[in-house]
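Below, all heavy atoms of this structure are taken into account, side chains as well, without hydrogens, waters or symmetry copies. Position 1 is the first residue of the sequence, and the numbers go up from there.
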Amino acid sequence: MLNKYARVAIARVMTPLARLLVRAGISPDIVTLLGTLGVCAGALGFFPRGELFWGTIVITCFVFSDVVDGTMARLSGRSSVWGAWLDSSTDRAGDAAIFGGIAVWGAHGGHDDWVAGLALYGLVAGSLVSYVKARAEGLGMRANVGIMERSDRLVTILVAAGLDGLGVPYVLAIALWAVAIGATLTVVQRTILVRSQAIALPGADAERAV
């Protein structure tokens, strides 16, 4: 949802920076990798120690590289299958670091098993959301539906982590529940869509008969 409405607006804001980096001869792939390293460093360096606010600030500084590198690729005419693959793959690494860092904090410093468990579930469910879509597209179908895509999950969890770091009670647990439920429903929505397309494919009746 946020991915649909906010990405275009963010891209417009980031276009001057992207244009400057292109003129400097910097590769979009470098921005992708540096952005991912920054997100991972912020998540794994701060979250496990309970410094949720500062971890969120560091992550936010790097997370928009996901928009900058795509804009750079378009401006420079260097959009490629490799770049798309690298972008998607590094996104998974960043997500794992964010939810993994929160899980470690919940299990140790935060002494909250619910937070740890929900963070792990959010990590797995979020990965499944992406996999279901990628697998469907690999089979020639689409699965671009869902109430909670990656952008929604990131905004929800980062805002909540920042507020928790400022002392707002229960907000992180509520956000983790929202991500868990939203990601699960998104997987269900995508599964139903893929199922309907698979049934309509030529030869589907014969395969079911066998």
Side-chain angles (χ1 to χ4, degrees), residues 1-12 14-15 18 22 27-37 39-40 63-100 119-158 178-210:
M1 294 172 69
L2 284 174
N3 189 54
K4 179 179 179 181
Y5 297 108
R7 194 174 183 87
V8 174
I10 295 173
R12 288 175 181 170
M14 294 295 175
T15 295
V22 168
S27 166
D29 292 348
I30 295 298
V31 174
T32 299
L33 293 172
L34 289 178
T36 301
L37 289 174
V39 168
C40 291
V63 77
F64 290 115
S65 65
D66 188 46
V67 177
V68 175
D69 58 7
T71 304
M72 289 175 63
R74 287 190 294 273
L75 290 174
S76 61
R78 298 175 65 178
S79 297
S80 64
V81 173
W82 159 253
W85 179 88
L86 181 65
D87 189 56
S88 296
S89 299
T90 53
D91 282 349
R92 304 290 81 74
D95 293 353
I98 292 170
F99 283 91
L120 288 176
Y121 182 83
L123 171 58
V124 174
S127 297
L128 187 56
V129 167
S130 299
Y131 176 80
V132 168
K133 180 179 179 180
R135 182 59 175 154
E137 291 175 344
L139 293 171
M141 295 180 284
R142 60 185 180 86
N144 55 343
V145 297
I147 63 171
M148 184 165 277
E149 297 183 331
R150 180 175 183 263
S151 298
D152 304 293
R153 297 194 302 273
L154 278 183
V155 170
T156 299
I157 206 65
L158 290 177
V179 168
I181 294 171
T184 300
L185 290 176
T186 298
V187 171
V188 172
Q189 288 177 288
R190 292 185 172 183
T191 300
I192 292 173
L193 178 60
V194 171
R195 173 64 175 167
S196 66
Q197 294 171 86
I199 291 175
L201 289 175
D205 291 335
E207 290 178 5
R208 288 199 301 276
V210 173

Smallest heavy-atom separation, Gly182 atom then Ile147 atom, equals O-CG1, 3.9 Å
The side chain to side chain donor-acceptor pair (under 3.5 Å) partners of Thr184 (sequence neighbours excluded) come to Tyr121
Applied to residues 65-85, the ring-ring contact (aromatic ring centres under 6.0 Å, His included) test, sequence neighbours excluded, yields Trp82-Trp85
Output for pair (Leu34 CG, Thr90 OG1), nearest 0.5 Å, gives 11.0 Å
Sequence neighbours excluded, the answer for salt bridge (Lys or Arg N to Asp or Glu O under 4.0 Å) partners of Arg142 is none
Closest non-hydrogen atoms of Cys40 and Ala93, given as atom of the first, atom of the second and distance, are SG-O, 3.9 Å
> Would Asp87 and Asp69 satisfy side-chain contact (heavy atoms from CB on, under 4.5 Å), going step by step from the backbone distance to the final call?
Replying inline: CA-CA 8 Å; Asp87 189 56; Asp69 58 7; 3.1 Å; yes
Any donor-acceptor pair under 3.5 Å linking the side chain of Thr186 with the backbone of Met148? yes
(message) Less than 4.5 Å apart, side chain to side chain, heavy atoms only: is that true for Thr32 and Val68?
(response) no
Just wondering, do Arg153 and Val129 contact through their side chains at under 4.5 Å, heavy atoms? yes
Residues at least two apart in sequence or cross-chain that pass side chain to side chain donor-acceptor pair (under 3.5 Å) with Ser65, listed by chain then number, are none
Interatomic distance, CD1@Ile30 vs CE@Met72, rounded to 0.5 Å, equals 9.5 Å
In terms of heavy-atom contacts, Gln189 and Gly146 come closest through OE1-CA, 3.2 Å
Any sub-3.5 Å donor-acceptor pair from Asp152's side-chain atoms to Glu149's backbone N or O? yes
In short, Asn144 meets Leu193 closest at the heavy-atom pair N-CD2, 4.3 Å
Taken in chain and number order and not counting sequence neighbours, the residues that satisfy side-chain contact (heavy atoms from CB on, under 4.5 Å) with Ala119 are Ile102, Ala103, Leu176
Inset, instruction - Look at the side chain of Ser89 and the backbone N and O of Leu86, then say whether any donor-acceptor pair between them is shorter than 3.5 Å. - result: no
Rounded to the nearest 0.5 angstrom, the CZ-OG1 distance for Arg74 and Thr15 is 7.5 Å
Side chains of Phe99 and Ile157: closer than 4.5 Å at any heavy-atom pair?
yes
Worksheet item: Would you say Arg190's side chain and Ala143's backbone share a donor-acceptor pair under 3.5 angstrom?
Response: yes
To the nearest 0.5 Å, atom OG of Ser130 lies from atom CZ of Arg92 at 3.5 Å
Scanning both residues in full, the closest heavy-atom pair of Ala136 with Val194 reads CB-CG2, 3.6 Å
Applying salt bridge (Lys or Arg N to Asp or Glu O under 4.0 Å) to Asp91 and not counting sequence neighbours gives Arg150
